[in-house]
Amino acid sequence: MENQPTSSFYQSLRFRFGLLFNSLLFLCVSFIVYSLYQNAKTELDRSFSLQLSSAANNVLQKTDINPIAVPLPKNGEFFRIVYDNKVKKTQLINNLPEDVTDKDKWRLVSLKKYPENGGILSVDFAMSAENYHSGIQKLRQLLYIYLPIAFLISFLGGYLLSGFLLSPLRRIIHTAGKVDLDHITLLAKPKTRDEFYYLTDALNRMLVRIDEQVKQQTAFFTMASHELRTPISNMLTELQVFSHESMDADTRKLLDNQEQEVKRMKALVDNFLWMSQIESGNLSTSRSELDLAELVLELSESFSKQMAMNRQRFRIELSPVDGDFRILADKNQVGVIINNLISNAIKYGETDTIIDVRIFRNEKTGITVSNSTDQVIHNPEKLKGQFRRDTFHKDGFGLGLWISDILSKKNNAVLSLSSADKKFSATVEFD
């Protein structure tokens with residue numbers, strides 16, 4: 001299987017919808033909170049100014065010139081009273097702090113009144129602004145606290161809400177992931193005619209078209225394979241009946257080459273036929289008792305001419321020599337497995353080498369076919385995939401090992417591939 005792209009948390013639609021909802025909600029909350037902060041600050045400022053003016057006016061009303069009456073400062077009151085009779089200014093009382101001009105610490109207001117005897121009576125009243133600034137600072141701190149909390153709540157709310165809204169899509173993805181081309185089942189449509197309903201309907205229509213195409217393709221392979229088998233078999237028979245003794249070497253070599261090409265074509269057509277049976281689900285297995293060693297010896301004779309052309313030799317080993325190699329399996333299907341394994345070993349094996357065929361019986365009965373190779377195959381098991389083949393051979397369509405693997409499973413056997421020390425081995429173990 002090819003490497004699938006990894007999906008990060010932040011790449012999901014749920015995260016994106018959560019971020020979208022969060023951004024919109026956060027902007028709204030930020031605007032509302034900032035507006036409330038500005039209104040609260042304005043009200044605090046107006047209330048403080050009103051309190052300051054009221055206290056200054058109260059001091060001014062209690063002050064008189066004829067006779068001179070000056071109120072004494074209460075705790076927390078700071079003011080200065082000056083009388084100006086247009087001749088000179090007389091300071092009646094002054095307990096203003098020296099840093100009264102510091103606006104971060106004090107708020108100052110000045111009021112005047114005009115007594116009946118003339119002149120101007122003015123009051124400069126100061127009040128500490130620390131409580132006012134402390135209130136504004138606390139309000140600002142609450143703003144800084146509530147905004148991140150609002151951001152987090154809005155994100156979680158958006159994430160949970162998006163998860164709820166996208167749950168039909170996750171169900172569609174989960175169900176679609178289980179669809180098998182061999183047995184296509186349509187997706188269940190949502191009850192509500194929303195976007196998910198139309199998405200499911202589109203997917204179902206696509207699955208129907210795929211199912212039709214698969215059936216047409218399978219039917220074509222089956223029909224074409226059947227149609228080709230007869231003329232190819234006739235060609236192979238006619239080539240084999242020629243008497244090679246009366247022919248010169250070049251003609252004999254030409255006919256041998258033609259015979260091998262026809263055999264190769266026949267094997268390819270047979271593979272296509274097996275593939276169509278497998279994919280259509282019409283493959284049945286009829287098990288009977290058979291001798292694996294006898295079947296191997298019988299089938300190996302058909303490769304003698306091809307091995308002679310490649311200058312290769314068989315080395316068949318029985319382990320143990322007097323062992324019982326009977327198995328319960330479909331003889332025709334086991335024959336296809338052995339044919340494919342030996343054919344691959346001859347095709348991909350080097351010239352002037354030995355093809356090792358080992359038939360063994362220990363806990364299980366099986367066969368191992370090995371051939372020499374000068375190539376390194378890093379993951380031999382991948383060759384069991386459909387239409388998979390090694391990159392350094394262009395011959396064949398990559399169906400043999402795939403078909404052998406399927407047929408092995410049908411006969412309660414396991415096909416395993418390995419490559420080490422310039423040896424490629426295929427092993428089939430029957431239960």
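Remember, predicted model here, so these are calculated numbers, not experimental data. Numbering starts at 1 and runs along the sequence shown.
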- Query: Of the non-hydrogen atoms in I359 and A293, which two are nearest, and what is the gap between them?
  - Reply: CD1-CA, 3.7 Å
- Item | Contact check, side chains of F430 and V414, non-hydrogen atoms, under 4.5 Å | no
- Task: Enter the distance from N340:CG to S408:OG here, rounded to the nearest 0.5 Å.
- Result: 9.5 Å
- Query: Do V336 and I403 come within less than 4.5 Å of each other through their side chains, counting heavy atoms only?
  - Reply: yes
- Message: Counting neighbours of CD on Q38 that are heavy atoms of other residues, nucleotides or ligands and sit closer than 6.0 Å, is the number greater than 12?
- Response: yes
- Nearest heavy-atom pair of S53 and V109: which atoms, and what distance? OG-CG2, 4.2 Å
- Sub-4.5 Å side-chain heavy-atom contact between F125 and E77: yes
- In terms of side-chain geometry, is the basic nitrogen of D291 or R326 positioned less than 4.0 Å from the acidic oxygen of its partner? no
- Answer yes or no: does atom CD of Q91 have more than 12 heavy-atom neighbours from other residues, nucleotides or ligands under 6.0 Å? yes
- Message: I367 vs R358, test: side chain to side chain contact (heavy atoms under 4.5 Å, CB included). Steps then yes/no.
- Response: CA-CA 6 Å; I367 176 176; R358 179 174 175 266; over 6 Å; no
- Does the side chain of Q333 come under 3.5 Å of the side chain of N411 through a donor N or O and an acceptor N or O? yes
- Message: Do I120 and Y83 make a side-chain contact, defined as non-hydrogen atoms from C-beta onward lying under 4.5 Å apart?
- Response: no
- Examine distances only and state if a side-chain atom of D84 and a backbone atom of T90 form a donor-acceptor pair shorter than 3.5 Å. no
- Message: What I'd like to find out is whether the side chain of L92 reaches to under 4.5 Å of the side chain of V82, using heavy atoms alone.
- Response: no
- If only atom types and distance count, is the side chain of S49 paired as donor or acceptor with the main-chain N or O of R46 below 3.5 Å? no
- Item | T353 side chain to E350 backbone, donor-acceptor under 3.5 Å | yes
- Task: Output yes when D356 and K423 qualify as a salt bridge under the 4.0 Å nitrogen-oxygen rule, no when they do not.
- Result: yes
- Please confirm whether the backbone N or O of D324 pairs with a side-chain atom of R361, one donor and one acceptor, at under 3.5 Å? yes
- Message: Could you report the tightest heavy-atom contact between L328 and E289, atom names first, then the distance?
- Response: CD1-N, 3.7 Å
- Heavy-atom pair with the smallest gap, counting every atom of L401 and L383: CB-O, 3.6 Å
- Message: A cation-pi test, strictly: NZ or CZ of R107 under 6.0 Å from the centre of the six-membered ring of Y132 and no more than 45 degrees from its axis. Yes or no?
- Response: yes
- Message: Could you tell me if the side chain of M127 sits less than 4.5 Å from the side chain of F48, heavy atoms only?
- Response: yes
- Query: Can you find a heavy atom in the side chain of I93 that is under 4.5 Å from one in the side chain of P73?
  - Reply: yes
- How far does CZ of R313 sit from CD1 of I355, to the nearest 0.5 angstrom? 10.5 Å
- Message: Do F79 and L111 have side chains that approach each other closer than 4.5 Å (heavy atoms only, starting at C-beta)?
- Response: no
- Message: Under a 3.5 Å distance rule, please check whether S47 uses its side chain to pair with a backbone N or O of E43 as donor and acceptor.
- Response: no
- Kindly say whether V87 contributes a backbone atom to a donor-acceptor pair with the side chain of N85 at under 3.5 angstrom? yes
- Does T63 offer a backbone N or O that forms a donor-acceptor pair with the side chain of K113 under 3.5 Å? yes
- Is it true that the side chains of S110 and D124 contain a donor and an acceptor less than 3.5 Å apart? yes
- Pairing of K105 and D99 as salt bridge, 4.0 angstrom limit: yes
